[in-house]
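Residue numbering restarts at 1 for every chain, and letters A, B, ... go by the order of the sequence lines.
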Amino acid sequence: MPELPEVETVRRGLERWCLNQKIFAVEPLHPRATNPRSLSAITEVSGATIKKIARRGKFLWFELDRPYALVAHLGMSGQFRIQPFGAVDEKHLRARFSLSKKELRFIDQRTFGWLAISALEDGVPTLVSAIAPDLLDEKFDRRATVKKFQSKRSEVKRVLLDQSVMSGVGNIYADESLWRAKIHPQSIAAELSSRKIGQLIDSAESVMSQALLEGGTSFDSLYTNVNGESGYFEHSLQAYGREEQPCARCHALIRRIVFGGRSSHFCPKCQKL
DNA sequence: ACTAGCACCTGATCGC
DNA sequence: TGCGATCAGGTGCTAG
């Protein structure tokens with residue numbers, strides 16, 4: 001569920017509340033909350049101090065005063081919450097970290113999210129090394145990304161969602177970016193001009209930056225920041241979830257189609273194949 | 001090597 | 001009121 005703007009909102013909240021805090025105790029509460037590729041149990045971070053909170057695409061990690069990091073992915077429904085000691089346990093509480101004055105909690109209804117211990121290599125956890133830099137990363141290479149898009153014979157929306165090409169974009173912002181760039185989601189990526197792919201990248205950057213300013217998109221309580229508050233970007237969506245509603249540009253009705261097992265929303269008039 | 005499809009979960013909602 | 005079908009913002013494994 002959470003895409004780059006939502007994960008970045010969470011990262012900033014964690015930075016504000018957890019930086020330079022010592023982790024006194026860790027309590028894992030669900031077996032699926034630990035990624036099977038984790039180097040060891042997450043209780044390993046007991047006694048460590050949080051030195052930095054980093055992100056690449058939708059992956060977050062806590063850098064510690066140790067040679068490894070605590071990596072987190074929110075999956076579809078993961079949340080981090082800062083709570084006072086003794087607050088009632090949330091229904092889907094999956095792990096508890098005791099800091100000096102507060103508890104950091106990992107909550108996840110659908111259990112697609114996870115935590116893991118992962119070695120750092122050049123500042124990036126091994127578990128994240130196959131993920132391409134995202135649009136807000138200074139390592140993001142625009143020309144190389146355009147080339148990668150052009151090397152793919154599949155539908156451009158699938159490529160947008162491929163985290164090894166460019167990370168951070170999920171189903172909502174993919175539809176929004178394609179709408180803004182006036183590209184049909186089923187266009188073959190390799191058949192698009194460099195200029196068109198450039199427009200798509202620009203659109204993804206502007207839509208996600210705007211969403212970030214509004215604290216992200218949320219339809220329900222499954223996405224919130226570390227204080228349990230929702231974002232406001234839902235009001236600004238032009239394609240996602242707007243099936244049968246008029247396109248803001250041309251008033252044709254937005255269509256929803258399913259491919260790759262998920263919904264795609266687009267304007268049949270502005271976004272032609 | 002690349003691509004497409006499905007599996008992994010829980011819960012909300014909708015139609016009958 | 002109850003039940004089954006469908007849907008949900010992600011990733012990763014596997015079969016072709």
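Residue ring and nucleobase are stacked for A:Phe112 and B:dC8, with a centre distance beneath 5.5 angstrom and an angle between planes beneath 30°.
Of the residues in residues 163-170 of chain A, those placing a heavy atom less than 4.0 Å from an atom of DNA chain C are A:Gln163, A:Gly170, in numerical order. Residues from residues 88-95 of chain A with heavy atoms under 4.0 angstrom of DNA chain B, sorted by number: A:Lys91, A:His92.
The side chain of A:Arg256 contributes an N or O atom lying less than 4.0 Å from OP1 or OP2 of C:dA8. Proximity of A:Arg37 to the phosphate of C:dG12: a side-chain N or O atom is located under 4.0 Å from OP1 or OP2. An OP1 or OP2 oxygen of C:dG9 is reached within less than 4.0 angstrom by no side-chain nitrogen or oxygen of A:Tyr173.
With sequence neighbours excluded, the residues that form a side chain to side chain contact (heavy atoms under 4.5 Å, CB included) with A:Lys152 are A:Ser154, A:Val159, A:Asp162, A:Val165, A:Ala189. By the salt bridge (Lys or Arg N to Asp or Glu O under 4.0 Å) test, A:Glu243 is found to be paired with A:Arg256, residues two or more places apart in sequence or in another chain being considered.
Counting only residues at least two apart or in different chains, ring-ring contact (aromatic ring centres under 6.0 Å, His included) contacts with residues 7-55 of chain A are absent.
To the nearest angstrom, P of B:dC9 lies 12 Å from CG of A:Asp108.
C:dC13 sits 14 Å from B:dC9 when the P atoms are compared, rounded to a whole Å. Taking atom P in both C:dA5 and B:dA7, the straight-line distance is 16 Å, to the nearest Å.
In DNA chain B, runs of at least 3 consecutive Watson-Crick or G-U pairs, each pair with both distances below 3.5 Å, span B:2-8 with C:10-16, B:10-16 with C:2-8.
In this structure, the ring of A:Phe80 has its center less than 6.0 angstrom from the ring center of A:Phe62.
Within the 4.0 angstrom heavy-atom criterion, base atoms lie near A:Arg262.
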